[in-house]
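In what follows, chains carry the letters A, B, and so on, assigned in the order in which the sequence lines appear, proteins first and then strands, with residues in each chain numbered from 1. Values reported hereafter were calculated over all heavy atoms of this structure, with side chains retained and with hydrogens, waters and symmetry mates removed. Quick caveat: nothing in here was measured; it's all calculated off a predicted structure.
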Protein chains: 2
Amino acid sequence: MTTTAPSSDPADPDHKLRLRTQLCFALYSTMLGVNKVYRTVLRDLDLTYPQYLVMLVLWERDGLNVSEICEQLYLETTTLTPLLKRLEARGLVNRQRLPEDERQVIVTLTAEGAALKTRAAIIPDCVAEAMKCSEDDLVDLREQLIRLRTNLIR
Amino acid sequence: MTTTAPSSDPADPDHKLRLRTQLCFALYSTMLGVNKVYRTVLRDLDLTYPQYLVMLVLWERDGLNVSEICEQLYLETTTLTPLLKRLEARGLVNRQRLPEDERQVIVTLTAEGAALKTRAAIIPDCVAEAMKCSEDDLVDLREQLIRLRTNLIR
DNA sequence: TGAATTTATATCGCGTGCGATAGAATCGTC
DNA sequence: GACGATTCTATCGCACGCGATATAAATTCA
């Protein structure tokens, strides 16, 4: 007898095809919830979640090229190029070709982009509040996910 | 001393803004990996992951209306209406207004849609293979995610 | 040096995902 | 029965997210 939501009867021949048994669906639907929370919390900053992630990367280390940002975020340049252009249009970053290697586009924070970090400082606490998750659970869950991600990418 | 990837120094004033410390980023990036695996595995069936989810719902219980499918998948009708039209165009489902309540659109499987279930039966094992995750870890992780999702939706 | 290869970014097309909004059908209340 | 509120689905616009593809710069190697 468990107190959590019922899964599905493992004896059921369709057991593995049930939504409720699928880890991936739990992951997918939880991510939808996370995104929804971020939309609310990021409205003030007028950033989407992926845009916020790019800003996190740049706040930690400025002046990366597109590929380096892609690598950190597990995204393709196909996704990031237009996103970075939008951030540039917003005046948060600059994009300029590296003179020594004209293939690379270096992304740097503008003063406004750098300044936004101060206002973003409360975001993690807002999200943690919404998750109502103990620090231990958080660390545990994060590490399980990272192991899973490592396997999936392999 | 941990063997997993390093997080970030909690004494760092920017600790919470680090990508590596954020549970949500682990969730987000793992989901990207899951999606990539599904793209590979679902190529044969010519389905996207959300389309596959709709089929899972209908294989379990046919003849739901749009809202009921939305509710099970945590998606908006805005997302599902066009998706269902694509499934209809593919000949996998039918969409018809309920005579007793013309507001509702009932989605039913075509013979082809129902038959696809047989070919989809191997998908969960393919994905489990890619995740390389023990059954216990899987159940544990799934339940943690569902708890988190419940909090996020509240 | 010159040609083939590789690297870094960009363009295009398509399928989500959702907020804002609209429109039609039904319900509730008088 | 009428009319305002609610329910259900659809349309529109925008931002991802990525596979296929293109292009230019740099590198490799003959």
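In this model, the phosphate group of dC18(C) is approached by a side-chain N or O of Thr79(B) to a distance below 4.0 Å at OP1 or OP2. Between Lys85(B) and dT16(C) there is no side-chain polar atom (N or O) within less than 4.0 angstrom of OP1 or OP2. The phosphate of dA10(C) has OP1 or OP2 within less than 4.0 Å of a side-chain N or O from Arg95(A).
Listed candidates were dT11(D), dT9(D), dG17(D). Nearest to the side chain of Thr78(B) is dT11(D). The side chain of Gln51(B) sits closest to dG15(C) out of dG17(D), dG15(C), dA25(D). Comparing dG17(D), dA26(D), dA8(C) by their closest approach to the side chain of Ser67(A) singles out dA8(C). Residue Arg39(A) places its side chain closer to dC18(C) than to any other of dC18(C), dA26(D), dA10(D). Comparing atom distances between the Thr81(B) side chain and each of dT9(C), dT9(D), dA25(D) picks out dT9(D) as nearest. The side chain of Lys36(B) approaches dG19(D) more closely than any other nucleotide in the set dT16(C), dG19(D), dT11(D).
At the heavy-atom level, Thr48(B) lies under 4.0 Å from the strands shown only through sugar-phosphate atoms. Contacts of Leu80(A) with the nucleic acid, taken as non-hydrogen atoms under 4.0 Å apart, are absent. Here Arg97(A) lies in heavy-atom contact (under 4.0 Å) with sugar-phosphate atoms only. Within 4.0 Å of Asn35(B), counting heavy atoms only, lies no atom of the nucleic acid at all. Nucleic acid contact for Glu100(B): sugar-phosphate only, since backbone atoms but no base atoms lie under 4.0 Å from a heavy atom of the residue. Residue Arg43(B) is out of contact with every strand shown, counting any heavy-atom pair closer than 4.0 Å.
For Leu73(B) and dC18(C), the CG to P distance is 11 Å, given to the nearest whole Å. In this structure, the CE atom of Met55(A) is 13 Å from the P atom of dC16(D), given to the nearest Å. In this entry the distance linking CG of Asp101(B) with P of dT6(D) reads 17 Å, nearest Å. Rounding to whole angstrom units, CD1 of residue Ile69(A) and C1' of dT9(C) are separated by 12 Å. For the pair Arg86(B) CZ and dG15(C) C1', the computed distance is 5 Å after rounding to whole Å. Across the protein-nucleic acid pair, Arg103(B) atom CZ and dG23(C) atom C1' stand 13 Å apart, rounded to whole Å. Remark: P of dT11(C) and CG of Leu84(A) are 12 Å apart, rounded to the nearest angstrom. In this structure, the OH atom of Tyr28(B) is 12 Å from the P atom of dG17(C), given to the nearest Å.
With hydrogens and angles disregarded, no donor-acceptor distance shorter than 3.5 Å links the side chain of Asp14(A) to the backbone of Leu17(A).
Positionally, the nearest nucleotide of DNA chain D for Gln104(B) lies more toward the 5' end than for the other of Leu83(A) and Gln104(B). Between Leu32(A) and Thr77(A), the one whose closest nucleotide on DNA chain C sits nearer the 5' end is Thr77(A).
Using a 4.5 Å cut-off on side-chain heavy atoms (C-beta onward), Leu73(A) and Leu19(B) make contact.
One finds a salt bridge joining Arg95(A) and Glu88(A) here, because a Lys/Arg side-chain nitrogen approaches an Asp/Glu carboxylate oxygen to under 4.0 Å. Salt-bridge annotation for Glu60(B) and Lys117(B): absent, with no side-chain N of the basic residue lying under 4.0 Å from a carboxylate O of the acidic one.
Under a cut-off of 6.0 angstrom, the local environment of CD in Glu129(B) is sparse, with at most 12 non-hydrogen atoms contributed by other residues, nucleotides or ligands.
Between Tyr38(A) and Tyr52(A), the two ring planes are tilted [angle within 30° to 60°].
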